[in-house]
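Only this structure's heavy atoms are used, side chains among them; waters, hydrogens and symmetry mates stay out. When a residue number appears, it is its place in the shown sequence, counting from 1. Quantities reported herein were computed from a predicted structural model and do not represent experimental measurements.
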Amino acid sequence: MGMTNSSFKGDYILVGFSDQPELEKTLFVIVLFSYLLTLVGNTVIIVISSIDPKLKTPMYFFLTHLSLVDICFTTSIVPQLLWNLRGPAKTITPLGCAVQLYVSLSSGSTECVLLAVMAFDRYAAVCKPLHYSAVMNPRLCQALAGVAWLCGMGNALIQGTITLRLPHCGNQRIYHFICEVPSMIKLACVDIHANEVQLFVASLVLLLLPLSLILMSYGYIGKAVIRTGSVQAWHKALGTCGSHLMVVSLFYGTVTAVYIQPNSSYAHTQGKFLSLFYTVVTPTLNPLIYTLRNKDVKGALKRLFNRNLSL
């Protein structure tokens, strides 16, 4: 496999996909293309949401934060992944591993809470249309976004610090392509049952609690639409909530499969491919989903394009 750490004493070895060298070449191209799309797509959403007056609404305020989270999340992971995919060296320094762990865990946790906040925004838009502006006022929106970021950073500080403080007794081989909590606690040379319980509890709080709030919000939305008995109301609700539902399904479908499961079923290969999906593919699809399914965003892009042509 060509993986040596003789010149990198103390560095971690990210085993990743090194047992499938032919696959690494294909993955390099896919990951690089996806990362460029992620950067361009999410940057475009941030820019048009900031400069287009018609997008100065709570929904696009939260979407801007989601795009920023996705950029932080992928940038903490993908450059190192690309470096490891392109050659025989699979090492990452302890500092690099710690930074990757903290930033990716913080960004991922923030996204969980942010998606719940966005579901509440959709609930207010559909179920309280006459009071929407009063309910989702700028101060509340800023507070909710702040809570999402603080929850993410708090979870990263607690889980990341506990994980990094575990003794490894010279075991530096991480059977993953990123420094992620489930794979890193396996390096420990002590009993990790308490850490697995702590990871499971934290996952319940930061994954299942926001997911429950999302489902509750959409339950109320469904009830409100059924009460009207109007086909037009169904179409409007789908237009308002469809993009968010797709993003929630993609993100939670893969993240939950990795974190909410017994340790014995966290197979190396399966876990790596699921992680690859939510770290690389999902952030790429998010801006595409919101752009292709959203008339406001497409209209803002046309106005921006026409403005540039007229200059």
Side-chain angles (χ1 to χ4, degrees), residues 27-79 81-82 103-104 106-122 125 141 144-145 148-149 152 178 210-211 214 218 238-255 274-309:
L27 283 177
F28 179 85
V29 176
I30 294 170
V31 171
L32 177 61
F33 182 68
S34 296
Y35 182 52
L36 294 175
L37 275 181
T38 299
L39 293 179
V40 171
N42 284 294
T43 302
V44 165
I45 284 179
I46 292 170
V47 170
I48 62 171
S49 298
S50 302
I51 66 174
D52 196 293
K54 291 188 178 180
L55 300 186
K56 298 288 184 182
T57 64
M59 176 181 171
Y60 296 104
F61 172 77
F62 294 127
L63 183 56
T64 299
H65 280 269
L66 182 66
S67 295
L68 184 59
V69 165
D70 280 341
I71 290 172
C72 293
F73 188 51
T74 52
T75 301
S76 69
I77 294 167
V78 173
L81 173 59
L82 288 171
V103 176
S104 62
S106 175
S107 304
S109 304
T110 300
E111 183 155 351
C112 291
V113 181
L114 200 53
L115 288 173
V117 169
M118 292 174 79
F120 175 72
D121 172 64
R122 294 301 82 210
C141 291
L144 289 172
W149 284 98
I178 55 172
L211 183 58
I214 291 168
Y218 279 109
L238 280 173
T240 305
C241 308
S243 299
H244 181 255
L245 271 172
M246 288 178 71
V247 169
V248 166
S249 302
L250 284 170
F251 181 76
Y252 273 97
T254 48
V255 173
L274 285 171
S275 296
L276 189 67
F277 191 88
Y278 77 77
T279 55
V280 177
V281 179
T282 302
T284 306
L285 294 177
N286 286 356
L288 292 175
I289 290 167
Y290 275 103
T291 304
L292 297 176
R293 288 186 51 86
N294 195 299
K295 290 179 182 177
D296 293 336
V297 175
K298 285 192 277 190
L301 284 171
K302 283 178 184 176
R303 287 191 292 275
L304 182 64
F305 184 68
N306 291 335
R307 191 188 305 168
N308 289 337
L309 284 179

Evaluate the ring planes of Tyr278 and Phe73, with Trp represented by its six-membered ring, and classify them as parallel (under 30°), tilted (30 to 60°) or perpendicular (over 60°). parallel
For Gly152 and Thr110, the nearest pair of non-hydrogen atoms, with its separation, is CA-OG1, 3.4 Å
State the CG-CD1 distance between Leu81 and Ile77, to the nearest 0.5 angstrom. 8.5 Å
Begin from the C-alpha positions of Leu276 and Val281 and carry the test side chain to side chain contact (heavy atoms under 4.5 Å, CB included) through to its verdict. CA-CA 7 Å; Leu276 189 67; Val281 179; 5.8 Å; no
Between Tyr35 and Thr284: side-chain donor-acceptor atoms closer than 3.5 Å: no
Atom pair OG (Ser50) and CZ (Phe61), whose distance is rounded to the nearest 0.5 Å: 10.5 Å
Mind checking the CD1-CD1 spacing from Ile51 to Ile46? Nearest 0.5 Å is all I need. 12.5 Å
Indicate the atoms forming the closest heavy-atom contact of Ser107 with Cys72, along with that distance. OG-CB, 3.6 Å
Would you tell me whether Ser76 and Ser104 have side-chain atoms, one donor and one acceptor, within less than 3.5 Å of each other? no
Shortest non-hydrogen contact from Ile214 toward Ala116: CG1-CA, 3.6 Å
For the CD1 atom of Ile71 and the CG atom of Asn42, what is their distance to the nearest 0.5 Å? 5.0 Å
Closest non-hydrogen atom pair between Ser49 and Thr64, with its separation: CB-OG1, 3.2 Å
CG of Leu288 to OG of Ser243, rounded to nearest 0.5 Å, is 11.0 Å
Min side-chain heavy-atom separation Ile30-Val280 under 4.5 Å: no
Going from CE on Met118 to CG on Leu66, what distance comes out if it is rounded to the nearest 0.5 angstrom? 5.0 Å
Counting C-beta onward and ignoring hydrogens, is there a side-chain heavy-atom pair between Asn286 and Glu111 closer than 4.5 Å? yes
Between Asp121 and Pro58, what is the shortest heavy-atom contact and its length? OD1-CB, 3.5 Å
Walk me through it: do Trp149 and Val69 pass the test side chain to side chain contact (heavy atoms under 4.5 Å, CB included)? CA-CA 9 Å; Trp149 284 98; Val69 165; 3.5 Å; yes
What verdict does the side chain to side chain contact (heavy atoms under 4.5 Å, CB included) test give for Ile48 and Tyr60, after you've listed the backbone C-alpha separation in whole Å, the side-chain angles of each residue and the deciding distance to 0.1 Å? CA-CA 9 Å; Ile48 62 171; Tyr60 296 104; over 6 Å; no
Answer whether the closest heavy-atom distance between the side chains of Val247 and Thr282 falls below 4.5 Å. no
Is the centre of the Tyr218 ring less than 6.0 Å from the centre of the His244 ring? yes
Can Val78 and Thr279 be said to form a side chain to side chain contact (heavy atoms under 4.5 Å, CB included), step by step? CA-CA 8 Å; Val78 173; Thr279 55; over 6 Å; no
Thr254 side chain to Phe251 backbone, donor-acceptor under 3.5 Å: yes
Minimum heavy-atom separation for Ser67 to Ile45, with atom names? OG-CG2, 3.3 Å
